[in-house]
Amino acid sequence: MKKDMADNKNKKEKKAQTPASGSGKNMTRYDRKMQMRREQKEREKRNKKIAVGVLAAACVAAAAGIGAKAYGSWQAKNGPYFMVGDQEIKKAEFDFYYNSSIRTFENNYGSYASYLGLDTSKPLDQQPYADGMSWEDYFQQQAVDQIQTVHALKTEAEKAGFSYDSSKEADAAVQTVKTEADAAEKSVDEYCQQIYGEYATEDLVKQYTADSALASAYYTKVGNETEVSSDEIMSYYDEHKDDYDSVDYLLCTIKADVPSDEDSAAAESDSESETETMSAAESEAEAAEKQKQTDAAMAQAKKTAQQMLDSVSDENSFKNVYSRYASDPSSGPSHVDSEKTDVISSDVADWLFDSSRKAGDKTVIENTTTNEYNVVLFQKRYRDENRTVDVRHILITADSIPADEQAESETEETAAQTQTTSQTTQTTSAQDQQTLDAEKEKAEEIYKEWKDSGASEDKFAELAKKYSQDTGSASEGGLLEKVQKGQMVESFNNWIFDAARKPGDSGLIQSDYGWHIMYFVGQDVPAWQAKIEDTLQSQKLASYLADKKQALEVSDEKGHLHYLKVKAAESESQQETALSGEETSLPEEEGTAAQTE
């Protein structure tokens, strides 16, 4: 029994160890071939699954890469570029103020920017500005300072509940961009990106312009509310009399007859010397000869000046001999109402404004820079008591006139496109005149509207807020206070300082800016007092703004603002220099003790 069981067990083990087909038979060559085919299909199936898995993983990785790139682009556009206090500043906002700073600089100094070492057609970070800063650093600093200012003032305006309709400024900025975009044959957003940065849009330009206008309006409000007392004014005047006093004096300039550079050049060209260039010894000899001639001419001019001084005893005698001695008698001897900065030279100014000066004092003052002597007689020193004035105005420019109204006034001749230069010039001139006529017509309409309404000052202020294109005064009803003589353009100045002008006077005048509807309010404080008040008010405002900006510290964790690194390095260098100075300036005993230790 056991033996049979053992035999059966052995048979089963052998059967289990023998490869068999699905039918349980021993594998034939055909069976093995089919088995190999099945195994190949299994392998292909497994490999396909693996390939699909790898492809899926690759797609996930690619999607992640695309997503990271998209997120990076979104972050660059919408994320914080740097921080001002706890406020995030986006790249678009920084670019707006950065490029605005460059445009403002070009508008103000473009004609001689090259003399300042700036070429805006080349990379700004490769052009040195000053103190280790490049021009890019300079414009970065200007932009960040403006951003700080705007955000600080906006914050204070919100705290104070101050509101301001900045739509006029914002719309004007957008209109300018649209006009320039049309001229450049670009869409508005394309042009915005060209001049304000890659993320700029029409809406953003409008927003940032509105923010700046709000900040400016609030700053004006704070300035108007910043009081300067009469005691502060007098105290400041006593400390800075030279800056606010005026003098009357007589002056005669006697120029030395020195050889000019043109004379030297002519003499050299007429020379019969066969050599084209002089030796160093010859050059030195010529320079020495020229200096000898200059010294002789100056000595003669000094002698002449002294002779005139000796012949002068008072104002009348000075005027009587003036034409005999003056190098240019046509200029005349009298100088009245002259401030220190108006005087011909600093040496003459210092003498005239000396506190010990009294009427009738006279002297001769040498000027080696211009090779001349000035005979001077002091008459008097005083404060300028000429009064400033307050005036309201409504400025009308082409921007005040709707486009359809301008189009209605066009004639066929002015609208025609001409081909020749002369025709184009005539057309341009006609179009300019048409614009001026349209401005005048609009001004006359508003002036009549004011007259018909009762011609009150309050109504004038109301119309100024509605119509005036002078954004600096429109919000204040067109009011300009404490205007000093010579401060405004000529036609404006002449009208308000007309000797016959009285409160309530009104009229129309034209200037380079457009047409002005005028309303004379009246006289105000003396000019010297207005100047000091402006100075003290500006100092207080600057202090106020500095305090508000100090609370908005600039932080740049991503290192976008290179100028901050330059400033930090400069500050560190100054600290090291200061520490080094402290070490070298120790008292001798302390220094010796330190060395001994």
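- Here K206 pairs with D171 in a salt bridge; the nearest charged N to carboxylate O distance falls below 4.0 Å.
- Within a 6.0 Å sphere centred on OH of Y513, other residues, nucleotides and ligands contribute 12 heavy atoms or fewer.
- Panel note: side chain D189, backbone E202; a donor-acceptor pair is recorded below 3.5 Å.
- Using modelled atom types, one side-chain atom of K540 and one backbone atom of E227 make a donor-acceptor pair closer than 3.5 Å.
- Checked against side chain to side chain contact (heavy atoms under 4.5 Å, CB included), A443 has the following partners two or more places apart in sequence or in another chain: I396, L508, W515, I517.
- F96 and Y196 have tilted rings, their planes meeting at an angle from 30° to 60° on a 0 to 90° scale.
- Using modelled atom types, one finds no donor on one side chain facing an acceptor on the other under 3.5 Å when comparing T149 with Y219.
- S229 meets the side-chain hydrogen bond (donor to acceptor under 3.5 Å, both in side chains) test with E232; sequence neighbours excluded.
- Side-chain contact of D470 with H393: a donor-acceptor pair under 3.5 Å is present, judged by distance alone.
- Residues K567 and D131 are not paired through a salt bridge, judged by the lack of any N-O separation under 4.0 Å between the basic side chain and the carboxylate.
- Within a 6.0 Å sphere centred on OH of Y109, heavy atoms belonging to other residues, nucleotides or ligands number 12 at most.
- L395 contributes atom CG, which lies 15.0 Å from atom OH of Y467 (distance to the nearest 0.5 angstrom).
- Ion pairing between R387 and D524 fails under the 4.0 Å rule for side-chain N and carboxylate O.
- Defined by atom type and a distance below 3.5 Å, a donor-acceptor pair is present between the side-chain atoms of S246 and D337.
- In summary, K549 and D145 engage in a salt bridge, as defined by a charged side-chain N under 4.0 Å from a carboxylate O.
- Between R103 and E106, none of the side-chain N atoms (NZ, or NE/NH1/NH2) sits under 4.0 Å from a carboxylate O, so this pair counts as no salt bridge.
- Ring geometry for Y164 against F162 counts as parallel: the plane angle stays under 30°, on a 0 to 90° scale with 60° as the upper cut.
- For the pair K380 and Y382, the cation sits on the ring face: its NZ or CZ lies under 6.0 Å from the ring centre, inside 45° of the axis.
- Within the 3.5 Å criterion, the main-chain N or O of R501 finds no donor-acceptor partner in the side chain of D505.
- Salt bridge annotation for K91-D95: present, with a cationic side-chain nitrogen under 4.0 angstrom from a carboxylate oxygen.
- Side chains of Q510 and S491: a donor-acceptor N/O pair is absent below 3.5 angstrom, by distance only.
- Remark: the Y237 side chain and the D245 side chain contain an N/O donor-acceptor pair separated by less than 3.5 Å.
- Using bins of under 30°, 30° to 60° and over 60° for the plane-to-plane angle, the ring pair F105/F139 lands in the perpendicular bin.
- For E444, the CD atom is densely surrounded, since the number of other residues' heavy atoms within 6.0 Å is greater than 12.
- In summary, E462 and K459 engage in a salt bridge, as defined by a charged side-chain N under 4.0 Å from a carboxylate O.
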